K.L.:
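Take a look at this one; I'll ask things after.
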Amino acid sequence: MLNWLARVLQSTLGRKTGMAISGLLLVGFAITHLLGNLTLLKSHEAFNAYAQKLEDLGPLLTLAEVGLLALFLFHIVLALLVTMRSKSARDVAYRVSASTGQKTIGSSTMRVSGLLLLVFLIIHILDFRFKKLMGYEGSEDLAKLVHDRITSPVGLGIYVTAALLLGFHLSHGFKSAFQTLGLRHPKFTGTIQCLGWVLAIGLALGFALIPVALLLGAGGAK
Amino acid sequence: MTHTLDSKVPSGDLSSKWTQYKFDLKLVNPANRRKFTVLVVGTGLAGASAAASLAEMGYKVKSFCIHDSPRRAHSIAAQGGINAAKNYKNDGDSVYRLFYDTIKGGDYRSREANVYRLAEVSTAIIDQCVAQGVPFAREYGGLLANRSFGGAQVSRTFYARGQTGQQLLLGAYSALMRQVHSGGVEMYTRREMMDLVVVDGIARGIITRNLITGQLERHAADAVLLCTGGYGNVFFLSTNAKASNVTAAWRAHKRGAYMANPCFTQIHPTCIPVSGSHQSKLTLMSESLRNDGRVWVPKKAGDARRPGDIPESERDYYLERKYPSFGNLVPRDVASRNAKMVCDEGRGVGSSGMAVYLDFADAIARDGRDAIEARYGNLFQMYERITAEDPYKVPMRIFPAVHYTMGGLWVDYNLESTIPGMFVLGEANFSDHGANRLGASALMQGLADGYWVIPATIASHLAGRKLAPVGTDHPAFAQVEADSKARIDRMLAVGGSRSAFEMHRELGLICWEYCGMSRNAAGLNTALGKIRDLRGEFWNDLKLPGDGSGINQSLEHAGRVADFMEFAELMVTDALDREESCGGHFREEHQTPENEAKRNDEDFSYVAAWEFQGVDKPEILHKEQLDFENVKPSTRSYK
Amino acid sequence: MQITLEIWRQKGPTDSGHFETYQAKAEPDMSFLEMLDVLNEVLLAQGKEPVAFDHDCREGICGSCSMVINGFAHGPEALTTTCQLHMRSFQDGDRITIEPFRAKAMPVQKDLVVDRSAFDRIMAAGGYVSVNTGAAPEAHSVPVPKENAEQAMDAAACIGCGACVAACPNAAAMLFTSAKISQLSLLPQGQPERKARALAMVSQMDKEGFGACTNHYECMGACPKGISVDNIARMNREYLRSELLP
Ligand SMILES: Cc1cc2nc3c(=O)[nH]c(=O)nc-3n(C[C@H](O)[C@H](O)[C@H](O)COP(=O)(O)OP(=O)(O)OC[C@H]3O[C@@H](n4cnc5c(N)ncnc54)[C@H](O)[C@@H]3O)c2cc1C
Ligand code: FES
């Protein structure tokens, strides 16, 4: 079993499969995360209640958090390995390079968008998971904390940009994951591509519009 | 050493000769096969199939190719298809009919026993290729599709779109790579065979040049197989791949292998014409185009109007006029010759005046553009890509081009040359197509030789002769290697002003002009003089860059041109000697009052096998009489 | 027409190489390689080294020719090999940059000549059906659905030129490898070795040092034979099936 896993994870196709599966799971996480966040638009109380529900899970939450972290790390480490491999595969660059029109902005910015998302992720975790570190101590009202952070000029910039980056990343990543898993067929590939766009745009807009909506007074702003 | 020509054709009934012969052949014990090294030069259909098959049997095989990969051999370019007497269409095909058609198509200048064997093993080739995963065209029921090709009366041609050669070669290549993987074959890519090493009258190895490092290398063996293809590039412009050459065959010839019927070359009528003096290569357009296209030229010489401006009454549909019953579908040689005649009269079209129209206007008016597109869409597209003209709107321009060479090294029924231990397979030998090859039969022959014939007949040599151990330290290897080196050094030392490229082009023009579609004694004699002069110039005025080390493509090419220079002389000599018209060889002195070919069975029903005597010395002609026990030679007529 | 060429010149595998600029004359009817032939004649006459490049069939089927022209593997025309490209695709006065195919697994040997033997090794690892000569059953004993035969042929049309690797931003060889895996997995003859083949060919591809596909599909855009990335999906499937299913 371990041998098998080691072999699969050493193969480019195995690594890409890992990235695809972890990526799709992360998309699932992003969707639930967005749905949870939407409660903020309703009221601070609704959001805090939602947060409390999660807190009440206790060790299960910790487990979920560790799992999520592992998933991210898995995705990121594989991405790094795959990228390093590809970088070394072309040791001399072309002087002139052109595209036959197949690649997209999304596909050619995967590494950049991925890296920036990683930076964002660190900020995001520091922001809300390690409140103490960030000097938000004493604040028991998580909703207010979030509200203040993401509607502050810097926070707004960071969070809206990250939402858009996520959209970019998914515009290629989603359909790419299906291709990597071999799930390609004239009957459903079109649908998957559409779904990819819907998700990319939906998640990007969803996450980006929350702070905007808050600024505009949604969720009973202070 | 002169060799008497013994074709080793077994006696007995035609249809049981091969089976009986195989039974009579000595066998090499499976445990002993590993002890024999076989060198296979060339990885076209013949070479790849032979190397793979022999390695599967347990022989130690070394395979050599000029390219960076064996998959790129010239066979890859064949388009139309491969014949086999499967009779899947129930249209009366049989081994005998395929045999008969091939003998007749060859204008009665091939050996009955060889051709019969070819037809006999043809069916097993298809089985083998299908098992390898060759994606032949199929019918809706999942069974193999066939088409009729090259005017055959039965549908016996198997095909994989327009890429039959590619698919067959990739099949053989995959079998070869499987053997490379398992250690049965040692693959030497980017190697060119420079010469043959003969020890005590037996072929015992070769000298190769590593085209990357420039180093000469020695390879010793118990048998050598030349699968190096045809010599069509002696004409410079041909449909052959650029690296195709006569070098391996010619060096072997100079070491004692007889060269047979070199004047038998095939000129294909439907190729895209030359567009300018820069032209490097000619492209074949499938023969099937003549099913719907009408061939014409203006009636008036020098008529420079655009085709659409020439009224019907001023056009000459010369094939329909001269051959009312066959019209545009006359055989390759007749169509080609007539195109040349009208161009020689100054009625050729296009900027060069060396082309005729192949016009689809009537077919489009009759069947509609869609029908024509369905039939020839890909060909029309290819034509447009090369010429930038739309054949739906303006007639295609076509002209004949050198396509295949029936002549080659003389071999007996075992495919063994006059040098014992050296076998010749595929287009490189002379054996199966007489004076004219039928469409879709070269692929068949290459694979027949490699998959079926040589695995059996090589035992005649390996088990039949006692071979003294010979290694690369034998003085003969040092000697031949020194010869090769001296030749290369000599070329590099000339330091003249003309490139091999330019002189090759000039040689091609001479051959095309005087030894092309039609030939006469005066012209052939002129050619001999011109070729000799050019050869003199080559050795006095050749300019080469660099030295013998590393990649030097100019040097590689020059070496091949040097051999073409010598070979061309023999080709012309053979054409001069053959005082008859047959197949692709048309001697103007020997034609009927209607300008048709006149064969002379009385005096020329033989294979002309030439023995080398030294450069500038006349070669000695040996004749292998052809006996027709089963098929009575008759005259072809298409009126 | 008059053009300016910037060509990668490299004496040998260990030379570091550089670009040289040449002025060349061309006719619109010339093929791209004929334009280089003429340039080489001029260079030779001037006592300079001609440009080395691979070529053989000059009709788009052998897969020898291999150049990156103005950033495009095989030049700017779709479904066209370098040898089929004609000068009429360029304008008088154009500046054309010619580079070799670039990938660590396909090192430059001289000028525009690269070593593509990695492809042969991938094929040797499993790109075949193990059937010895003479061991084949009668061709009609196994019918093949026409649709499968057609799809197998689509994949089999690969000429092994390496343009997919050259055009891939990751220098991956997935299109090449997948074309052969696809062809044989679609045919009944390829079934017995299906799993072993996929694993062996993918593993060899990795060993050669090709990059990892990130599904840009530039390979498909550059492929002169229009091989589809459907084949890559099929290869991925074949790989997963071989690794995951018992
Ligand atoms: C455009 C075209 C279309 C054709 N279509 C058909 C068709 O539809 N049906 C049909 O039956 N036939 C067809 N033919 C003919 C057929 O393709 C060839 O006759 C056949 O493939 C020859 O196979 P071969 O193995 O004998 O030689 P080749 O395939 O020519 O292989 C010989 C190889 O040996 C190499 N070589 C030569 N010299 C040396 C050396 N010194 N050292 C190392 N290697 C060397 C060459 O580079 C070459 O790759 C066609 C030919 C052409 C040109
Ligand atoms: S030279 Fe053969 S494909 Fe270009």
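Note that the structure is a prediction, hence the values are computed from the model and not measured. Labels below follow one simple rule: chain letters A, B, ... track the order of the sequence lines, proteins then strands, and each chain is numbered from 1.
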K.L.:
Could you tell me how the ring of His124(A) sits relative to the ring of Tyr159(A): parallel (under 30°), tilted (30 to 60°) or perpendicular (over 60°)?
P.N.:
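The arrangement is perpendicular - the two ring planes meet at more than 60°.
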K.L.:
Just so I understand: if I count every heavy-atom pair under 4.5 Å between each of Ile69(C), Asn70(C), Val229(C) and chain A, which residue has the most?
P.N.:
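The residue among Ile69(C), Asn70(C), Val229(C) with the greatest pair count is Val229(C).
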K.L.:
With a cut-off of under 6.0 Å to the ring centre and 45° to the axis, is Arg149(A) in cation-pi contact with Phe128(A)?
P.N.:
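Not satisfied by the 6.0 Å and 45° rule.
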K.L.:
Do Phe174(A) and His169(A) have ring centroids that are under 6.0 Å from one another?
P.N.:
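Judged by ring-centre distance (under 6.0 Å), His169(A) and Phe174(A) do not meet the cut-off.
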K.L.:
So for Ala172(C), is it side chain, backbone, both, or neither that comes closer than 4.5 Å to the heavy atoms of chain A?
P.N.:
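Answer is neither: Ala172(C) stays 4.5 Å or more from chain A.
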K.L.:
Does the Asp206(C) side chain pair with the main chain of Ser203(C), one donor and one acceptor, at a distance under 3.5 Å?
P.N.:
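Absent.
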K.L.:
More than 12 heavy atoms of other residues, nucleotides or ligands under 6.0 Å from CD of Gln23(C): is that the case?
P.N.:
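Atom CD in Gln23(C) is packed in, count exceeds 12.
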K.L.:
Give, as side chain, backbone, both or neither, the part of Thr189(A) having an atom under 4.5 angstrom from any heavy atom of chain C.
P.N.:
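For Thr189(A), there is no contact with chain C at all, as no heavy atom is under 4.5 Å.
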K.L.:
Just by modelled atom types, is the Tyr94(A) backbone N or O under 3.5 Å from a matching donor or acceptor in the Ser97(A) side chain?
P.N.:
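No, because the side chain of Ser97(A) does not come within donor-acceptor range (under 3.5 Å) of the backbone of Tyr94(A).
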K.L.:
Does the separation of the ring centres of His147(A) and Phe47(A) fall below 6.0 angstrom?
P.N.:
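Between His147(A) and Phe47(A), the centre distance exceeds or equals 6.0 Å.
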K.L.:
If you tally heavy-atom pairs under 4.5 Å against chain A, which of Ala233(C), Gly211(C), Ala105(C) wins?
P.N.:
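Heavy-atom pair counts peak at Ala233(C).
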K.L.:
Which residue out of Pro186(A), Gly101(A), Ser88(A) racks up the most heavy-atom pairs below 4.5 Å with chain C?
P.N.:
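It is Ser88(A).
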K.L.:
Please check if atom OH in Tyr50(A) has more than 12 non-hydrogen atoms from other residues, nucleotides or ligands closer than 6.0 Å.
P.N.:
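Atom OH in Tyr50(A) is crowded, with more than 12 foreign heavy atoms closer than 6.0 Å.
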K.L.:
Under a 4.5 Å cutoff for heavy-atom pairs, which residue among Thr100(A), Leu181(A), Val8(A) has the most contacts with chain C?
P.N.:
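Maximum pair count with chain C is reached by Thr100(A).
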K.L.:
So for Thr214(C), is it side chain, backbone, both, or neither that comes closer than 4.5 Å to the heavy atoms of chain A?
P.N.:
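When you check distances to chain A, atoms from both the backbone and side chain of Thr214(C) fall under 4.5 Å.
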K.L.:
Under 4.5 Å heavy-atom distance to chain A, tell me which part of Arg102(C) shows up: side chain, backbone, both or neither.
P.N.:
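It is both, since atoms from each part get that close.
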K.L.:
Quick one: what part of Thr17(A) sits under 4.5 Å from any heavy atom of chain C, side chain, backbone, both or neither?
P.N.:
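Just the side chain, heavy atoms under 4.5 Å.
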K.L.:
For each of Met220(C), His216(C), Lys207(C), tally heavy-atom pairs with chain A at distances under 4.5 Å, and name the one with the top tally.
P.N.:
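Winner by heavy-atom pair count: His216(C).
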K.L.:
Any sub-3.5 Å donor-acceptor pair from Asp111(C)'s side-chain atoms to Gln10(C)'s backbone N or O?
P.N.:
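Side chain of Asp111(C) to backbone of Gln10(C): a pair is present.
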K.L.:
Pick from Cys219(C), Ala166(C), Ala167(C): which one has the most heavy-atom pairs with chain A under 4.5 Å?
P.N.:
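Between Cys219(C), Ala166(C), Ala167(C), the count favours Ala166(C).
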K.L.:
Which bit of Met174(C) is near chain A, if near means a heavy-atom gap under 4.5 Å: side chain, backbone, both or neither?
P.N.:
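Answer is side chain: those atoms of Met174(C) sit under 4.5 Å from chain A.
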K.L.:
For the candidates Asn170(C), Leu240(C), Asp230(C), Leu199(C), which exhibits the highest count of non-hydrogen atom pairs separated by less than 4.5 Å from chain A?
P.N.:
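Looking at each option in turn, the highest pair count goes to Asn170(C).
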K.L.:
Is the centre of the Phe101(C) ring less than 6.0 Å from the centre of the His74(C) ring?
P.N.:
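That pair passes the under 6.0 Å test.
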K.L.:
Are Arg194(C) and Gln191(C) linked by a side-chain donor-acceptor pair shorter than 3.5 Å?
P.N.:
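Arg194(C) vs Gln191(C): donor-acceptor pair found between side chains.
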K.L.:
Checking heavy atoms, do the side chain of Ile232(C), its backbone, both or neither come under 4.5 Å from chain A?
P.N.:
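For Ile232(C), heavy atoms of backbone and side chain both lie under 4.5 Å from chain A.
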K.L.:
Pick from Lys103(A), Lys175(A), Gln179(A): which one has the most heavy-atom pairs with chain C under 4.5 Å?
P.N.:
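If we count pairs closer than 4.5 Å to chain C, Gln179(A) comes out on top.
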K.L.:
Does CD belonging to Glu65(A) count more than 12 external heavy atoms closer than 6.0 Å?
P.N.:
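It does: Glu65(A) CD has more than 12 such atoms within range.
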K.L.:
Checking heavy atoms, do the side chain of Pro107(C), its backbone, both or neither come under 4.5 Å from chain A?
P.N.:
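Contact with chain A involves no heavy atom of Pro107(C) at all.
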K.L.:
Against chain A, label Glu99(C) side chain, backbone, both or neither, depending on which of its atoms sit under 4.5 Å from a heavy atom there.
P.N.:
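When you check distances to chain A, only side chain atoms of Glu99(C) fall under 4.5 Å.
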K.L.:
Considering only heavy atoms, which portion of His185(A) lies under 4.5 Å from any heavy atom of chain C: side chain, backbone, both, or neither?
P.N.:
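Nothing of His185(A), per the 4.5 Å heavy-atom cut-off to chain C.
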K.L.:
Between Phe176(C) and Phe210(C), does the ring centroid distance fall short of 6.0 Å?
P.N.:
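No.
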K.L.:
Go through Arg234(C), Glu208(C), Glu6(C) and name the one with the most non-hydrogen pairs under 4.5 angstrom from chain A.
P.N.:
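Among Arg234(C), Glu208(C), Glu6(C), the one with the most close pairs to chain A is Glu6(C).
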K.L.:
Quick check on Ala73(C) against chain A: is it the side chain, the backbone, both or neither that has a heavy atom closer than 4.5 Å?
P.N.:
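No part of Ala73(C) comes within 4.5 Å of chain A.
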K.L.:
Go through the atoms of Cys213(C) and report whether side chain, backbone, both or neither lie under 4.5 Å from a heavy atom of chain A.
P.N.:
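Interface part for Cys213(C): both.
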